[in-house]
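Working notes, beginning with the structure itself.
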There are 2 protein chains.
Amino acid sequence: MHSEFENYLKNYDLPDEAACRISSLAMSRTLRRNEFLMSAGEICKHKVFVMSGMLRIFNITADGNEHILQFSPGHGWVLDVESYDRQVPSKVNIGAVEPSEILYWHKADFEKLLIEVPQLRLYADQLISRNIHHSRDRILSALGATPEEKYEEFVQKFPKLLNRLPLRMIASYLGVSLKTLNRVRHAQLQRI
Amino acid sequence: MHSEFENYLKNYDLPDEAACRISSLAMSRTLRRNEFLMSAGEICKHKVFVMSGMLRIFNITADGNEHILQFSPGHGWVLDVESYDRQVPSKVNIGAVEPSEILYWHKADFEKLLIEVPQLRLYADQLISRNIHHSRDRILSALGATPEEKYEEFVQKFPKLLNRLPLRMIASYLGVSLKTLNRVRHAQLQRI
DNA sequence: AGAAAAAGAGGTCATTTGACGCCATTTTCA
DNA sequence: TGAAAATGGCGTCAAATGACCTCTTTTTCT
């Protein structure tokens, strides 16, 4: 069905049969650059896997500022967990940073799969655990790091995203103004 | 065994029998104010339930600054998930803010319980889910909120902790200097 | 109860940061 | 391909913030 996705699942020790079953319930869709997959206020009804391109989860505050919670490049998952889990209106938006291809599952289908396929449950637990650790690191960084340190951490963690993202979005992910991000980058160039 | 704890579990739909079994493997301990339960570098080997008092999870940076990840007052759980899950050295400290009483379980025992008692697994999943949502809110707040908004959110979320914590620690939880926190509080008084 | 430590409050000052505006360049998309 | 939009970079200025200090009051702990 979606052989690239099935291959991806094999890296996580899911047997062919399981990957095939999961893939069989997936639907696919493409997104244009800047197209929204979900807007604040809607209820998140799907689990989404990004095949190619890149999506982002972001919040828009009352005064119009964007804050980016997460970038999801190819071979990553994206959804608003809170809205998905509880089926309540989401506070965030999900949109495409680049033209993207996604697979998605209805919540009901995915929950069926979690029961049917025990390896999928294990894999999902891994993702949750990673998510928690990553969030904690980000909170610590937000609490204590200087803009320069934050940028440096970003470069270390996501070297491949650097040249795919406008600086404006990196600034918005780091919680720093574009001006400050430019200053940091300029200071680093000086130092070389 | 620990009847207060067992009563607590009943609020989460755990049957008597299950609560009793869980409680039977718990050990208890008291902590003095400022006593450490775990220091950075150690491996987190226990799951800990706070009976009374209050603990905090915090990080100390190279330059000596403290950043508080979490307060755990009575009837809450506390552990370094990352270190506990992977059994790697922790980057954080856990210490008592007030004289405290805790129950704790060896990791091996707790994992046995998770398998034995399916309701415990459900309860644990609820906790994880809450943790994720809470972390996400905190990241959004760190990215976009002013010190004043951060303080206001803290007051809304933890009204009962306000008068149990020194302002220094609230500042350190919010990622703001004590000076700024004082300015915010002073400005609010003016406004009344 | 009394000494010692911590906390709260505030003053000053240097630094960092963001807001705003401008322009040249690049990218996008019809 | 060509017009329109987005981006990156920079200058200026005002405001916010933190570092450092002092002093008084409260709390802790023996």
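First the proteins, then the strands, lettered A, B, ... as listed; each starts at 1.
Taking the ring centre of Tyr84(B) as origin, the terminal cationic atom of Lys107(B) falls inside the region bounded by 6.0 Å and 45° from the ring axis. For the pair Arg138(B) and Tyr173(B), the distance from NZ or CZ to the six-membered ring centre is under 6.0 Å and the angle to the ring normal is within 45 degrees.
A side-chain donor-acceptor contact under 3.5 Å links Asn59(B) to the backbone of Lys91(B). A donor-acceptor pair is defined here as one N or O able to donate and one able to accept, closer than 3.5 Å; such a pair exists between the side chain of Gln87(B) and the backbone of Cys44(B).
In the model, Ser129(A) has no side-chain atom that pairs as donor or acceptor with a side-chain atom of Asp125(A) under 3.5 Å.
With dT17(D), dT17(C), dC10(D) as the candidates, the nucleotide lying closest to the side chain of Thr180(A) is dT17(C). Considering only the side chain of Lys179(B), dG10(C) comes nearest among dG9(D), dG10(C), dT12(D).
If you take CD of Glu98(A) and P of dA6(D), they are 17 Å apart, rounded to a whole angstrom. Rounded to whole Å, the distance from CD on Glu148(A) to P on dT17(C) is 10 Å. With rounding to whole Å, Arg185(A) atom CZ is found 16 Å from dT17(C) atom P. In this structure, CD of Glu66(B) is placed 12 Å from P of dA6(C), rounded to the nearest angstrom.
Taking only side-chain nitrogens and oxygens, Asn182(A) comes nearer than 4.0 Å to OP1 or OP2 of dG9(D).
Applying the side-chain hydrogen bond (donor to acceptor under 3.5 Å, both in side chains) test to Arg168(B) and every residue at least two apart in sequence or in another chain returns nothing.
Evaluation of atom-type donor-acceptor distances gives a pair under 3.5 Å for the side chain of Arg183(B) against the base of dG18(D).
The residue among Leu178(A) and Leu181(B) whose nearest nucleotide of DNA chain D is located toward the 5' end is Leu178(A).
If you check residues 159-176 of chain B against DNA chain D, the residues with a heavy atom closer than 4.0 Å are Val176(B), listed by number.
Taking the six-membered ring where the residue is Trp, Phe158(A) and His134(A) present perpendicular rings, their angle passing 60° and hence far from 30°. Taking the six-membered ring for Trp and thresholds of 30 and 60 degrees, Tyr123(B) and Tyr8(B) have ring planes more than 60 degrees apart, a perpendicular arrangement. The aromatic rings of Phe5(A) and Trp77(A) stand perpendicular to each other, their planes meeting at an angle above 60°, with 30° marking the opposite boundary.
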Taking only N/O atoms, report every protein-nucleotides 22-30 of chain C pair under 3.5 Å with atom names and distance.
from    : atom 1 : to       : atom 2 : distance (Å)
dC29(C) : OP1    : Arg33(A) : NE     : 3.3

